[in-house]
Amino acid sequence: MSTNQSLKPITTKRINNLSIGGCDLVKLANQYGTPLYVIDEATLRSICNDYKNAFKDYNNIKMMYASKALSNLAIASILNEEGFGFDTVSAGEIYTVYKAGVDMEKVLFNGNNKTKKEIEFALDLKVGRFSVDNFYEAELLNKIAKDKNQTVDILLRITPGIECHTHDYIQTGQIDSKFGFDLSQIDEIISLIKNEYKNLNLKGLHAHIGSQIFELQSFADEVKILVKELIRINTTHYLELNELNIGGGLGVKYTDLDTPPSVQDLANAIGGAMDEYTQKLTIYIEPGRSIISTAGVTLYTIGSSKQVPNGRKYVAIDGGMADNPRPSMYQAKYTAEVCNNKNTDLEKVTIAGRFCESGDILIEETELPKLEAGDVICVYNTGAYNYSMSSNYNRVEKPAMVLVNSGQSDIIVNRESLDDLISKEIIPNRLRK
Ligand code: LLP
C-alpha cells in the first residue's frame, strides 16, 4: 500500500486519546488551540519515499512538488531535503521556496496570467523553467528577458485533449480550457519563438490533465499524446525538444469509499507508456495533493449543537469553510474521528462550521460517539488545498500549523492574531476624530 491510499497519517494510534506522530491530539489542541492544522512528518516523508521508490528505475523522470497544495517554509524545506523540485504559480510561491533555500534551477513557474512584476521577479531569482501559457505571455516574457539580457528556458503549456474527472475521463480533440495552447495553435507559437522570440529557449511541452485522478489510463494516454506531439514538432520544425512535464493529479483517500491507485501503479502506467524514444526524454511529474494531503489533519473543538425537531442534528465546530473551503466549493467529502476517549453511543450528525452561511457544512452526515461541547475532533486528509485556500471570512484569524514527529511538536505557522487582521489597514486622516 502506498501512503496516498491511507485515510489517516501512518502514525495514527489510539491508546486512550487519538495520537499522531507520537503526539496526543487532545494535548495538542489544548497547547496550541483549535482549529489546528497538524502535519505528520513521517507520513510526508513516507509518500516522498513511495515516489522515489516507484520511479527509481526511471532515471529520466524527475519529481516536482506542486506548491499550490500547501506552501510554507517548513514544508518547502522538507520537500527540498527529499530531493523534489517545485512547481510554482506566483511570486509568493517562488519567494517561499527561495527563502527555504531551494536551488532555483529546480523551480518551474507556471500559470495562465503571470504578471509583469512576477515575471521580472522570477527572472531575477533565475527560476529554472517557465511554462509559457499563451501568445501574450510569450511576447511579454521574451521582451522582459531581452531587457534583462537573459535567455530563459521554457516549456509550452498545451491542452492535450484529455479531460479528467475523478473516476473517469474523456478524450476530445479540443478542450475548452483557460490554460495553455490548443494543439492547433502550436505551430504558430513555435514559429514565433524560432523567428522572433530569440530570448526564449524552448525545451519541451507541459500539460496537466486534472486532479484527484483514480483512472491511470488517462496518464498513459497523456504521455502518448505528448510524445506524439513532441515528435511531430521536432520533425516539422527541425528541433530537438526533449522535455515533457505531465503535471500532477494522483488521487487520495478522503473517505472509505475512495480507492486511489498507488504511486507504484502510477509509475507503472507512466513507465508502460514509454518506449525507447521516450526513455531518452526528461519527464517531469508534479504531484501536489498526493504528496501532502494524507500527512495533514485538522483539529476542531465542538461547541454548540442543534437538534432540528423531527430533523437532523447539527454539531458545530470552531472552524469550517474559511480553513477548509473544499466541502462548500466542491462538495468534497471528509472523514472525522473524536480525539478524546469517549464511550458514548454512536449518533448520526451533521458537522457544521462556525461561519455565517448555511452552506458552511464540513461533513453532511457522519456517525460519531455522542459529542458534547469541549470534545476535540480530528478531520483527516486536510493537508492539501486547505491552508493554501483558507481565508479570513467573517474576520476570523487563520489557524496555526504544527509539525509532529516522534512525540515532538513544532509550530510551523503561527496562529493569526486580531492585530494581524487589522495590520494592513489605515484610517484616512480625514476620518480620524
Ligand atoms: N500541475 C499543475 C499545472 C496543476 O495545475 C496542478 C493542480 C498540479 C500540478 C497539482 O495537481 P495535484 O497533484 O494536486 O492534483 N483546489 C482544488 C485542486 C486544484 C488543482 C489545480 N491544479 C481542490 O481543492 O481539489
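Just follow the structure's listing: the first ligand is 1, and inside any ligand the first atom is 1. What you see is a predicted model; the values in this text were computed from it and never measured. The figures here come from the full heavy-atom set of this structure, side chains too, leaving out hydrogens, waters and symmetry mates.
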*Find all atoms of ligand 1 within a distance of less than 4.0 Å from any non-hydrogen atom belonging to Pro287, and give their numbers and elements.*
13 (O)
*Proximity of His208 to ligand 1 by residue part, where a heavy atom lies under 4.0 Å*: side chain
*With no hydrogens and no angle check, is any side-chain donor or acceptor of Asp360 less than 3.5 Å from a backbone partner on Met321?*
yes
_Whether Thr255 side chain and Thr335 backbone form a donor-acceptor pair below 3.5 Å_ = no
*Identify the closest protein heavy atom to atom 4 (C) of ligand 1: which residue and atom is it, and at what distance?*
Lys68 NZ, 3.3 Å
*According to the interplanar angle, ranging from 0 to 90°, do the rings of Tyr95 and Phe121 count as parallel (below 30°), tilted (30 to 60°) or perpendicular (above 60°)?*
tilted
*For ligand 1, note which part of Tyr330 has a heavy atom under 4.0 Å away: side chain, backbone, both or neither.*
side chain
*Can you list the steps and then say if Leu226 with Leu230 is a side chain to side chain contact (heavy atoms under 4.5 Å, CB included)?*
CA-CA 6 Å; Leu226 289 178; Leu230 199 78; over 6 Å; no
_Which of the numbered atoms in ligand 1 are under 4.0 angstrom from any heavy atom belonging to Ala66?_
8 (C), 9 (C), 10 (C)
*Quick check: does any side chain N or O of Gln212 sit under 3.5 Å from a backbone N or O of Val252, one acting as donor and the other as acceptor?*
yes
*Near Arg157, which atoms of ligand 1 are under 4.0 Å from a heavy atom of that residue?*
3 (C)
*If you count the atoms of ligand 1 from 1 in the order shown, which ones are under 4.0 Å from a heavy atom of Arg289?*
12 (P), 13 (O), 14 (O), 18 (C), 23 (C), 25 (O)
*Where the side chain of Arg415 meets the backbone of Pro35, is there a donor-acceptor pair that is under 3.5 Å apart?*
yes
*What part of Asp87, side chain from CB on, backbone N/CA/C/O, both or neither, has a heavy atom under 4.0 Å from ligand 1?*
side chain
*List every atom of ligand 1 that sits less than 4.0 Å from any heavy atom of Ser211, numbering the atoms from 1 in the order shown and giving each element.*
11 (O), 12 (P), 14 (O), 15 (O), 20 (C)
*Kindly confirm or rule out a cation-pi arrangement of Arg157 over Phe179, judged by NZ or CZ under 6.0 Å from the six-membered ring centre and within 45° of its axis?*
yes
*asked:* Taking the ring centre of each residue, are Phe84 and Tyr65 less than 6.0 Å apart?
replied: no
*asked:* Give me the nearest non-hydrogen protein atom to atom 24 (O) of ligand 1 as residue plus atom name, then the distance to 0.1 Å.
replied: Arg326 NE, 2.6 Å
*Could you list which atoms of ligand 1 come closer than 4.0 Å to a heavy atom of Met389?*
16 (N), 24 (O)
*Do other residues, nucleotides or ligands put more than 12 heavy atoms under 6.0 Å from Lys148 NZ?*
yes
_Atom indices of ligand 1, in the order listed, that fall short of 4.0 Å to a heavy atom of Asn110_ = 3 (C)
*Strictly under 4.0 Å, does any heavy atom of Gly249 approach an atom of ligand 1?*
yes
*asked:* Among all the protein's non-hydrogen atoms, which is closest to atom 9 (C) of ligand 1, and how far away is it?
replied: Glu286 O, 3.2 Å
